[in-house]
Amino acid sequence: MPEGPLDLGLVLGPLRRGPGDPTFRATADGSVWRACRTPAGPGTLRVRADGGEVLGEAWGPGARWLLDGLPALLGASDDPEAFVPRHRVVALARHRRPGLRLTRTGLVLESLIPSVLEQKVTADEAYRAWRLLVRRFGEPAPGPAGLGERPMFVMPAARTWALVPSWEWHRAGVDDKRASTILRAVRVAPRLEQAVGMPAAEARARLEVVPGVGVWTSAEVVQRSHGAADEVTVGDLHLPGIVGWALAGDRHADDSEMLRLLEPYAGQRHRAARLILLSGVAPARRVPKMPRVDIGSL
């Protein structure tokens with residue numbers, strides 16, 4: 001397991017797709033639960049901190065795979081000591097969040113599909129679509145997480161995603177463009193999953209071969225699947241302005257300016273951006289929120 005401070009919420013939080021994500025749950029006892037479709041099959045993982053130890057339990061055909069990958073999931077392959085803050089706001093955020101590590105899931109599709117759902121829509125719309133589709137077409141999580149009044153679910157297999165009827169995408173509020181991107185991706189799912197064995201930049205290039213998967217989506221995926229410390233998200237509506245404001249007082253920064261400001265963090269730009277987001281330093285919102293359009297009601 002990783003040495004030093006470890007904050008389970010910070011490390012695993014990026015894997016949660018909204019408060020009602022049926023594949024992710026944080027409980028009052030401090031445990032984090034994940035329901036995953038692993039190369040060995042469906043599995044459920046429970047992780048909790050107990051004093052200075054981190055304990056993991058797993059159920060289902062994918063249990064052994066999940067336990068074997070637990071150190072990487074908790075950031076064992078990450079090296080936070082390689083990061084050198086160059087700005088006061090970043091240094092303070094790092095000081096206040098000593099348990100931050102970058103997770104590495106070793107899974108591509110579980111991050112790719114929800115990232116595609118998040119393209120060009122509000123977070124609430126994307127979370128709703130993910131929640132409805134996983135509950136409708138996934139399967140109950142193995143073990144105790146799949147029981148009770150609020151069972152967790154494992155996301156559908158690639159073949160199941162390919163068979164989702166058009167009206168079910170519509171009902172979940174997913175337009176044809178995003179649905180078509182997901183359908184193209186699941187048809188080549190094995191090739192995409194192989195990307196976990198590639199360097200992050202090469203993995204992104206493979207993902208971007210799929211029409212509809214651009215630089216924003218590929219970065220969002222490898223940040224999770226690879227624990228990619230340098231793959232910063234571009235094409236985001238708010239991130240350039242937040243980074244620009246935190247580092248230079250420039251609320252109008254665009255992607256190119258954001259990348260220029262993050263140059264001192266080469267090799268660690270994603271971590272720097274994550275710390276900036278965690279700092280809470282952001283300009284007052286002036287850009288109108290993206291309008292919500294529920295195509296399922298049309």
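Side-chain contact between Leu275 and Val89 is absent, with no heavy-atom pair separated by less than 4.5 Å. Side-chain contact between Pro240 and Glu257 is absent, with no heavy atoms from C-beta onward closer than 4.5 Å. The side-chain heavy atoms of Glu220 and Thr233, taken from C-beta on, include a pair separated by under 4.5 Å. Contact of the Leu262 side chain with the Leu247 side chain is registered, since non-hydrogen atoms from C-beta on lie closer than 4.5 Å. Between Thr181 and Arg178 there is no side-chain heavy-atom pair separated by less than 4.5 Å. Between Trp216 and Glu118, the closest side-chain pair of non-hydrogen atoms falls below 4.5 Å. Proximity of Arg17 to Ser115: side-chain heavy atoms (C-beta onward) are separated by under 4.5 Å at one or more points. For the pair Val90/Ile276, a side-chain contact is recorded, criterion being any heavy-atom separation below 4.5 Å from C-beta on.
Hydrophobic clustering, with ILVMFWY side chains joined whenever heavy atoms are under 4.5 angstrom apart, keeps Trp59 apart from Leu70. Under the 4.5 Å side-chain heavy-atom criterion for ILVMFWY residues, no single connected hydrophobic cluster contains both Leu12 and Leu55. Leu100 and Val11 are members of different hydrophobic clusters when ILVMFWY side chains are connected at heavy-atom separations under 4.5 Å. Hydrophobic clustering keeps Trp161 apart from Val154 (ILVMFWY residues linked when any side-chain heavy atoms are closer than 4.5 Å, directly or through intermediates). Leu277 and Leu15 fall into different hydrophobic clusters, where Ile, Leu, Val, Met, Phe, Trp and Tyr residues are linked whenever their side-chain heavy atoms come under 4.5 Å apart, directly or through other members.
No salt bridge links Asp124 with Arg128; every basic N to acidic carboxylate O contact stays at or beyond 4.0 Å. Asp175 has no carboxylate O lying under 4.0 Å from a charged side-chain N of Lys120, or vice versa, which leaves the two without a salt bridge. The pair Arg224-Glu110 fails the salt-bridge criterion, with no side-chain N (NZ, NE, NH1 or NH2) lying under 4.0 Å from an Asp/Glu carboxylate O. Ion pairing of Glu168 with Arg171 is present here, as a side-chain N (NZ or NE/NH1/NH2) and a carboxylate O approach within less than 4.0 Å.
Between Leu109 and Ala158 the shortest heavy-atom distance is CD2-CB, 4.2 Å. Nearest heavy atom pair, residue Trp65 against residue Ala40, reads CB-CB, 4.4 Å. Closest approach of Thr38 to Gly41, counting heavy atoms only: OG1-O, 2.7 Å. Leu278 and Arg97 make their closest contact through O-NH2, 3.9 Å (heavy atoms, listed as atom of the first residue, atom of the second, distance). Of all non-hydrogen atoms in Ser279 and Ala93, the two that sit nearest each other are CB-CB, 4.0 Å. Nearest approach of Val174 to Ala179, heavy atoms of both residues: CG1-N, 3.7 Å.
Put simply, OG1 on Thr23 and CE on Met155 are 9.0 Å apart, with the number rounded to the nearest 0.5 Å. From Leu102, atom CG reaches atom NE2 of His226 across 13.5 Å, with rounding to the nearest 0.5 Å. The distance from atom CG of Leu73 to atom CG of Leu67, rounded to the nearest 0.5 Å, is 10.5 Å. Put simply, CZ on Arg48 and OG1 on Thr27 are 10.0 Å apart, with the number rounded to the nearest 0.5 Å. Rounding to the nearest 0.5 Å gives a distance of 9.0 Å between CH2 of Trp33 and CZ of Arg25. Once rounded to the nearest 0.5 Å, the distance linking CG of Leu163 with CG of Leu183 reads 9.5 Å.
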For residues 203-214, which side-chain donor-acceptor pairs fall under 3.5 Å, sequence neighbours excluded?
from, atom 1, to, atom 2, distance (Å)
Arg204, NE, Ser218, OG, 2.8
Arg204, NH1, Glu231, OE1, 2.7
Arg204, NH2, Val215, O, 2.8
Arg204, NH2, Ser218, OG, 3.2
Arg206, NH1, Arg191, O, 2.9
Arg206, NH1, Gln194, OE1, 3.4
Glu208, OE2, Ser218, OG, 2.6

Acceptor/donor pairs from residues 130-152 side chains to any protein atom, 3.5 angstrom cut, sequence neighbours excluded:
from, atom 1, to, atom 2, distance (Å)
Trp130, NE1, Asp21, OD1, 3.0
Glu139, OE2, Arg37, NH2, 2.6

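Of the possible donor and acceptor atoms, one in the side chain of Asp255 sits under 3.5 Å from a partner among the backbone N and O of Gly235. Proximity of a side-chain donor or acceptor of Asp230 to a complementary backbone N or O of Gln268 within less than 3.5 Å is detected. Distance alone, capped at 3.5 Å, is enough to place a donor-acceptor pair between the Glu193 side chain and the Val108 backbone.
Partners of Tyr127 under the ring-ring contact (aromatic ring centres under 6.0 Å, His included) rule, at least two apart in sequence or in another chain, do not exist in this structure.
Taking the six-membered ring where the residue is Trp, His87 and Tyr265 present tilted rings, their angle falling between 30° and 60°.
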